[in-house]
Amino acid sequence: MRMNDVVRHTATSVVTIERYIIEQEKMHPDATGELSGLLYDLALAAKMIANKVRSAGLADILGSAENINVQGETQQKLDVIANEIIIKAVDHGGRLCALASEEEPGIIQIPDNFKCGKYCLLFDPLDGSSNIDVNVPVGTIFSVVRKITRGSRGDMEDMLQPGRRQVAAGYVIYGSSTMLVYTTGQGAHGFTLDPQIGEFLLSHPNIVIPHTGRYLSVNDSYESVWTEDVRALMRRYRGLDGERSAMNVRYVGSLVADFHRNLLGGGIFAYPPNTKSPNGKLRLLYEANPLAFIVEQAGGAATDGTRRILDIEPTDLHQRTPLYIGSKGDVDIASSMITQSTAEEMPLAVR
Ligand code: FDP
């Protein structure tokens, strides 16, 4: 099969996500099926969320809920709904020992009446949610790590593992069609929801991101608060320093949508640090790590400017990180030009 080929299903034969996961599991004779079970549960949650997103306007459930989430942002009602759908889809299967959501301050424990399992799930239930009211694609992002502590319940040490220890990661994009892309470390594979039969069908096996790409996704309204190295990098991507041809700027402002376009078409998404937000905005555990795992599996790369994202040792459930992610050739330019990456490394003058 060629790069990014789309699978052709026939009227009488389709490859569902379930079949694909089972076939991948067979490559691991010692697999217990727990991870596969968790992935099906997440696919079910994705279908339920897709349904809510699609009917959001009709059902009059748009708009802000009363709550403000732990990041200080106003939660949209769909965030709350998506969060609950995911928790309820996965809490009873005996596969997880704990969960952490971008929408909740602490670890979410498995209810006492359910069995605990060997995995932890970290997720952003509805990323890009400030775009919901204007009908822009939003997404769900998830990351799975193995429990490393003793005892049946998961604790903070289980959650705060570097991204290279992920055993699975994925995202769902609720766009013109709903797509789920996941990896278990054997390539990145995409599935498109067929609304007629209600199944995710294999559409993009073994996704390969081009080595360099056309698209630059960055919010350049922050230019006045970028540090000099970031400004120089952006001038390079725009072809203004004469070192390369200009990239095409595309910024939806919904991470999953920007990432997905660049994964398939090539290019880079950047959310650099700035003097107001020295660690940028995106969350290491719920956004950067899972997308970094996927992009590396597709042949791309992800850095905070000076460190590979998957090697960052997390210290906090909700910590943020600068992010440059996408085609390897384009990300390598960021690694060669960025000199500071974290708040600690930033000069006091710009903190
Ligand atoms: P949102 O606040 O709408 O949830 O992580 C949050 C996120 O969206 C990303 O999806 C998006 O890429 C980014 O924030 C956009 O932030 P800016 O508006 O600062 O560009």
Side-chain angles (χ1 to χ4, degrees), residues 49 52-53 56 62-65 67-83 86 100-104 122-143 163 169-175 179 181 215-227 230 233-234 237 249-263 267-292 294-295 302 304 309 314 316-326 331 334:
I49 297 169
K52 298 282 180 204
V53 169
L62 287 175
S64 300
N67 306 338
I68 302 279
N69 74 8
V70 286
Q71 316 291 340
E73 302 155 334
T74 309
Q75 276 186 349
Q76 308 286 316
K77 280 186 181 170
L78 270 180
D79 294 12
V80 179
I81 295 167
N83 192 44
I86 294 176
S101 162
E102 196 211 299
E103 298 297 334
E104 305 213 8
L122 300 101
F123 64 100
D124 181 354
L126 210 61
D127 185 71
S129 52
S130 58
N131 291 309
I132 293 168
D133 284 350
V134 289
N135 221 343
V136 164
V138 288
T140 296
I141 312 176
F142 62 89
S143 159
Y171 67 86
V172 185
I173 176 166
Y174 310 102
M179 259 192 86
V181 176
Y215 300 121
L216 165 64
S217 307
V218 67
N219 184 347
D220 58 13
S221 62
Y222 297 113
E223 186 164 357
S224 64
V225 285
W226 282 340
T227 47
V230 173
L233 175 67
M234 295 305 154
Y237 288 141
V249 177
R250 292 281 187 280
Y251 190 70
V252 176
S254 183
L255 175 61
V256 170
D258 282 310
F259 175 81
H260 183 69
R261 181 197 48 243
N262 297 353
L263 182 71
I268 185 164
F269 173 95
Y271 205 112
N274 63 60
T275 53
K276 292 197 174 141
S277 310
N279 281 319
K281 176 183 184 188
L282 304 176
R283 290 75 172 168
L284 175 64
L285 296 177
Y286 312 112
E287 295 171 311
N289 270 347
L291 297 185
I294 290 168
V295 87
D304 71 351
I309 290 290
D316 183 275
L317 217 41
H318 294 285
Q319 90 188 60
R320 296 171 195 265
T321 178
L323 180 64
Y324 306 85
I325 187 166
V331 173

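Position 1 is the first residue of the sequence, and the numbers go up from there. Side-chain atoms are counted along with the backbone in the values below, which use heavy atoms only and exclude waters and symmetry mates. Remember, it's a predicted structure, so these values are computed and weren't measured experimentally. As the structure lists them, so they are numbered: ligands from 1, and atoms in each ligand from 1.
- Under a 4.0 Å criterion applied to the non-hydrogen atoms of Asn219, ligand 1 contributes the atoms 17 (P), 18 (O), 19 (O), 20 (O).
- When each of Val252, Val181, Val295 is paired with Phe259, the side chain to side chain contact (heavy atoms under 4.5 Å, CB included) condition holds for Val295 and for no other.
- Arg283 places no side-chain N or O within 3.5 Å of a backbone atom of Asp124 that could act as its donor or acceptor partner.
- Contact annotation for Ser130 and ligand 1: heavy atoms of both the backbone and the side chain come within less than 4.0 Å of the ligand.
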Verdict with supporting geometry, Glu223 and Met234, side chain to side chain contact (heavy atoms under 4.5 Å, CB included): CA-CA 9 Å; Glu223 186 164 357; Met234 295 305 154; over 6 Å; no
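- Geometrically, ligand 1 and Tyr271 share a nitrogen or oxygen pair separated by less than 3.5 Å.
- Side chain to side chain, Ser143 and Asn289 fail the donor-acceptor criterion of an N or O pair below 3.5 Å.
- The aromatic rings of His260 and Tyr171 lie perpendicular to each other, with more than 60° between the two planes, well past the 30° mark.
- Atoms of ligand 1 found under 4.0 Å from any heavy atom of Asp127, numbered from 1 in the order shown, are 5 (O), 6 (C), 9 (C), 10 (O).
- Checked by distance only, ligand 1 and Leu282 stay at 3.5 Å or farther apart across all their nitrogen or oxygen atoms.
- Under a 4.0 Å criterion applied to the non-hydrogen atoms of Glu287, ligand 1 contributes the atoms 5 (O), 6 (C).
- Between Asn131 and ligand 1, no pair of N/O atoms sits closer than 3.5 Å.
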Audit row: Tyr237, Val218, side chain to side chain contact (heavy atoms under 4.5 Å, CB included) steps and yes/no: CA-CA 11 Å; Tyr237 288 141; Val218 67; over 6 Å; no
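- With a 4.0 Å cut-off on non-hydrogen atoms, Leu255 touches ligand 1 through its backbone as well as its side chain.
- The number of heavy-atom neighbours closer than 6.0 Å to CG of Asn135, taken from other residues, nucleotides and ligands shown, is 12 or below.
- Counting the atoms of ligand 1 from 1 in the order shown, those under 4.0 Å from a heavy atom of Tyr222 are 17 (P), 19 (O).
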